[in-house]
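Note sheet for the following structure.
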Amino acid sequence: MEEQFSNKNRIHRIVLFVLLIGLLVVGILLFRAFTHRQQEYNGYYIFCVDANETKVQYEKYTPKHSKTDQVIQEFLDQMQIEPKDISMKKAIPDNVTVDEYLLSGTGELTLFLDSAYGNYSGVNEILRRAAIVKTLCQIPDVDSVQFYVAGQPLTDSNANAIGFMTADTFIDNTGGESVYQQNATLNMYFATKDGAALEMVPVQITYDATIPLEQMTIEQLIKGPNSIKGINKGEILPTIPDGTVLNSVTVKEHTCYVDFSHNFLNKPDNISPEVAVYSVVNTLVELATVNKVQFSIDGEQVLLYNDTINFGEVFERNLDLVRE
């Protein structure tokens with residue numbers, strides 16, 4: 001009887017031991033699977049356009065070369081090859097040729113495309129441009145990219161030169177009612193209640209990718225703080241006079257050229273001239289594509305703003321006016 005009891009205990013211990021080993025093995029396997037999923041991919045991507053041409057997608061890629069010039073050419077070649085995933089399209093179509101490229105010592109890459117690229121427009125062109133820029137800006141020595149088409153700078157729908165672009169110029173598509181809608185958080189600068197300083201306000205916008213982000217930013221600034229949800233009216237003041245029209249905006253070599261209608265010179269009485277000007281400057285310089293701002297009024301240079309500010313100069317960010 002005692003022997004049978006002892007045998008049963010031994011069997012129970014063996015079964016328990018086997019179960020514990022099994023649970024340990026399962027735990028190790030689950031942990032390995034979990035940590036494998038958590039590992040971030042730190043390699044390169046070749047960006048593409050999805051088959052429906054509504055967003056930018058990508059495939060992982062490991063370059064065969066290490067020198068910058070060779071990697072640039074390799075990435076350009078890869079963007080002219082159909083992706084392995086049939087739900088994607090290559091960024092550079094068959095009928096488009098990259099004639100040459102030039103990389104400056106400051107990381108600015110210029111692509112010279114043949115005239116066939118000019119046949120693409122709207123979202124169709126923006127998606128391809130986004131894929132090309134995102135792919136090339138992964139290269140450590142490439143900070144920004146600009147396009148020349150048939151020897152001329154690529155222009156937007158208003159015939160303004162687009163200039164250099166970074167990966168941040170193109171915000172990832174978030175879907176929505178628009179064919180290619182994007183979300184962005186803009187740090188905008190409006191006047192404080194006393195009109196003597198600036199206050200930074202994060203503003204979330206949804207916009208159509210066919211419209212330059214610089215244009216959307218200024219148009220939101222023109223609408224003023226009262227159009228922003230969660231802002232207490234009267235606590236933050238608008239800085240751009242009613243009736244002001246944005247005639248044009250373009251970026252070249254990180255300088256944003258802004259042309260307003262004459263109404264812009266009619267400074268609101270309750271804010272200082274510096275606040276009015278640097279509201280626009282500081283807001284634009286928050287964008288990755290802009291370092292400086294140059295103003296004009298109805299296509300002409302105006303030397304003085306409010307008889308106090310040298311309005312013909314190029315403006316840079318001024319955080320001394322910002323109230324914390």
Side-chain angles (χ1 to χ4, degrees), residues 158 160 182-208 211-251 255-324:
N158 295 319
N160 297 314
Q182 296 183 345
N183 288 344
T185 299
L186 305 176
N187 291 328
M188 312 198 74
Y189 292 84
F190 295 101
T192 54
K193 188 176 182 179
D194 59 8
L198 291 170
E199 183 168 337
M200 192 269 285
V201 179
V203 180
Q204 291 189 351
I205 64 168
T206 299
Y207 69 103
D208 191 319
I211 300 174
L213 189 54
E214 295 83 12
Q215 177 181 332
M216 283 297 303
T217 299
I218 297 177
E219 288 177 351
Q220 180 62 52
L221 202 60
I222 290 174
K223 291 178 182 177
N226 291 341
S227 66
I228 302 170
K229 293 182 179 179
I231 297 296
N232 293 326
K233 294 183 178 179
E235 294 298 318
I236 299 177
L237 305 179
T239 56
I240 298 181
D242 290 338
T244 299
V245 175
L246 174 64
N247 295 324
S248 67
V249 58
T250 185
V251 178
T255 298
C256 187
Y257 296 89
V258 182
D259 186 55
F260 283 121
S261 66
H262 194 269
N263 297 66
F264 182 76
L265 299 178
N266 301 323
K267 181 190 71 64
D269 294 334
N270 52 356
I271 65 173
S272 73
E274 290 79 9
V275 165
V277 171
Y278 283 100
S279 167
V280 179
V281 174
N282 285 4
T283 298
L284 284 171
V285 174
E286 287 283 343
L287 303 178
T289 54
V290 179
N291 291 335
K292 302 177 182 179
V293 177
Q294 173 79 68
F295 291 98
S296 60
I297 301 296
D298 289 329
E300 297 182 359
Q301 199 72 59
V302 174
L303 298 182
L304 286 176
Y305 177 82
N306 201 242
D307 295 326
T308 58
I309 296 179
N310 183 359
F311 204 50
E313 67 179 8
V314 177
F315 292 87
E316 298 184 16
R317 188 201 309 262
N318 182 353
L319 297 180
D320 292 337
L321 289 170
V322 181
R323 183 171 296 173
E324 295 184 359

*Shortest non-hydrogen contact from Ile236 to Pro225?*
O-CG, 3.4 Å
*Evaluate the side chain to side chain contact (heavy atoms under 4.5 Å, CB included) criterion for residues Val322 and Glu199: first the C-alpha distance (whole Å), next the side-chain angles of each, then the deciding distance (0.1 Å), finally the verdict.*
CA-CA 6 Å; Val322 181; Glu199 183 168 337; over 6 Å; no
*For the atom pair OG (Ser272) and CG (Leu321), what is the distance rounded to the nearest 0.5 Å?*
6.5 Å
*Answer yes or no: are there more than 12 heavy-atom neighbours, outside Gln301 itself, under 6.0 Å from its atom CD?*
yes
*asked:* Is it the case that the ring center of Phe295 lies less than 6.0 angstrom away from the ring center of Phe315?
replied: yes
*Please answer whether the main-chain N or O of Tyr189 pairs with a side-chain N or O of Thr283 as donor and acceptor at a distance below 3.5 Å.*
yes
*Evaluate the criterion side chain to side chain contact (heavy atoms under 4.5 Å, CB included) for residue pair Glu214 and Val290; output intermediate values, then yes/no.*
CA-CA 9 Å; Glu214 295 83 12; Val290 179; 4.3 Å; yes
*Does the distance from a Lys or Arg side-chain N to an Asp or Glu carboxylate O, for Lys267 and Asp307, drop under 4.0 Å?*
no
*Just do the side chain to side chain donor-acceptor pair (under 3.5 Å) check on Asn263 and Asp242 with the steps written out, would you?*
CA-CA 8 Å; Asn263 297 66; Asp242 290 338; over 6 Å; no
*Rounded to the nearest 0.5 Å, what's the gap from OH on Tyr278 to CG on Asp320? Could you check?*
9.5 Å
*What are the two closest heavy atoms between Ile297 and His262, and how far apart are they?*
CG2-CA, 3.6 Å
*Taking all non-hydrogen atoms of both residues into account, name the closest pair between Asn247 and Ser261 and its distance.*
ND2-N, 3.5 Å
_Straight-line distance of Glu316 CD to Thr255 OG1, nearest 0.5 Å_ = 9.0 Å
*Short side-chain to backbone donor-acceptor contact, Asp259 and Gly299, under 3.5 Å*: yes
_Pro202 versus Thr185, closest heavy-atom pair with distance_ = CB-CG2, 4.2 Å
_Residue pair Asn318 / Asn282, side-chain donor-acceptor N/O under 3.5 Å_ = no
*To the nearest 0.5 Å, how far apart are CZ in Phe190 and OG in Ser279?*
6.5 Å
*asked:* I need the Phe260 CZ to Leu246 CG distance, nearest 0.5 Å.
replied: 6.0 Å
*Has the side chain of Thr244 got a donor or acceptor atom that lies under 3.5 Å from a matching backbone atom of Ile240?*
no
*Near-ring test Phe264/Tyr305, centroid separation under 6.0 angstrom*: yes
*Ignoring hydrogens and angles, tell me if any N or O in the side chain of Thr192 forms a donor-acceptor pair with the backbone of Ala197 under 3.5 Å.*
yes
*Would you say Ile218 and Ile222 make side-chain contact, with heavy atoms under 4.5 Å?*
yes
*Starting at CE of Met188, measure out to NZ of Lys223 and round the result to the nearest 0.5 Å.*
9.5 Å
*Nearest heavy-atom pair of Gln294 and Glu313: which atoms, and what distance?*
NE2-O, 3.5 Å
*Counting N and O atoms only, with roles assigned by atom type, does the side chain of Gln220 sit under 3.5 Å from a partner on the main chain of Leu186, one being a donor and the other an acceptor?*
no
*Indicate the atoms forming the closest heavy-atom contact of Asn187 with Met200, along with that distance.*
OD1-SD, 3.5 Å
*For the residue pair Val249 and Cys256, establish whether any side-chain heavy-atom pair is separated by less than 4.5 Å.*
yes
*Check ion pair Glu286-Arg317 (N to O, under 4.0 angstrom)*: yes
